[in-house]
Amino acid sequence: MPPCRWKPRQTRGPTPEPTPAPTPPPTPSCLSKLGPKPTYKEHRGARCKAEHSKSRTDSWFLGIGTAKVKDHDCGRVCDWLPWCRAYEQMYIRNMFNGELQPEKLASCNMFVDERIWAADAVVAAEKKKWTWNAEGESYPSDMEGNPMFFEFPIPCPEDLDLRRNKLTLINRCHVNSAYGKSVYGNGAFYEYKNVTTKEGNLMRSSCFQKE
């Protein structure tokens, strides 16, 4: 009869944790696919104009609805429009009950390089609706001289956080005559700061030129 042998009880070790699935890489932002963000040179207390314009009204520009711009930064719109060569932000402090209120953004304008603008597919389609005058010049306005509204698709609506799928740009009717006559060129600016209106409001402006 063989001798007895002691066999120690075999205990199980801790159950291994399941291997977690690899974390997928973050999805790149839509804006990151639009190319490098342009840089701007800010001229505080100044308004933009075309290079050889005598005044701002000789320059051609488009308005941006400030209520649709996230963080009051009009540059987020100018960034992805190649024909936008500069933008201007006007700020106001309203007078109320004899006291100036906190400053807020009053308006935004984008200054247009007309050659790049005219080559845009959206503009080419819209131009068929423009007015032709006796001299054969085409202006982005209707027959009554009222401004036209141009709708441009927003490439990244979820990132730009505008309130609709298209951005509406408004051509200011008082600058219609500047189109085709005063090319933006390298752009220019002039001083505009601490201007008091007849209502007692305080105005200032900054001009941002693409570098």
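All values below come from the heavy atoms of this structure, side chains included, with hydrogens, waters and symmetry mates left out.
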Just do the side-chain contact (heavy atoms from CB on, under 4.5 Å) check on Phe111 and Glu88 with the steps written out, would you?
CA-CA 8 Å; Phe111 286 74; Glu88 175 187 276; 3.9 Å; yes
Which pairs with one or both residues in residues 185-197 pass side chain to side chain donor-acceptor pair (under 3.5 Å), sequence neighbours excluded?
Thr197-Glu199
List, by chain and number, the other hydrophobic cluster members for Leu202, where Ile, Leu, Val, Met, Phe, Trp and Tyr join if side-chain heavy atoms come within less than 4.5 Å, directly or indirectly.
Met95, Leu100
Of the non-hydrogen atoms in [X] and [Y], which two are nearest, and what is the gap between them?
| X | Y | result |
| --- | --- | --- |
| Tyr184 | Val112 | CB-O, 3.3 Å |
| Gln209 | Gly187 | NE2-C, 3.6 Å |
| Lys210 | Pro38 | CE-CG, 4.0 Å |
| Ser206 | Gly45 | OG-N, 4.2 Å |

Hey, does [Y] have a side-chain heavy atom less than 4.5 Å from the side chain of [X]?
| X | Y | result |
| --- | --- | --- |
| Leu105 | Tyr91 | yes |
| Asn201 | Gln101 | no |
| Glu42 | Cys207 | no |

Before giving the answer on side-chain contact (heavy atoms from CB on, under 4.5 Å), spell out for Tyr40 and Cys78 the whole-Å C-alpha distance, their side-chain angles and the decisive distance to 0.1 Å.
CA-CA 10 Å; Tyr40 297 87; Cys78 189; 3.6 Å; yes
Relative to each other, are the rings of Phe208 and Tyr87 parallel, tilted or perpendicular (30° and 60° limits)?
parallel
When rounded to the nearest 0.5 angstrom, what is the spacing between [atom1] in [X] and [atom2] in [Y]?
| X | Y | atom1 | atom2 | answer |
| --- | --- | --- | --- | --- |
| Arg47 | Ser205 | CZ | OG | 5.0 Å |
| Phe189 | Lys41 | CZ | NZ | 7.0 Å |
| Asp120 | Leu81 | CG | CG | 8.0 Å |

Only counting residues at least two apart or in another chain, list the ones meeting salt bridge (charged side-chain N to carboxylate O under 4.0 Å, His left out) with Asp79.
Lys37
Test salt bridge (charged side-chain N to carboxylate O under 4.0 Å, His left out) applied to Arg204 - qualifying residues, sequence neighbours left out
Glu103
With sequence neighbours excluded, residues passing side chain to side chain donor-acceptor pair (under 3.5 Å) with Thr39
Glu211
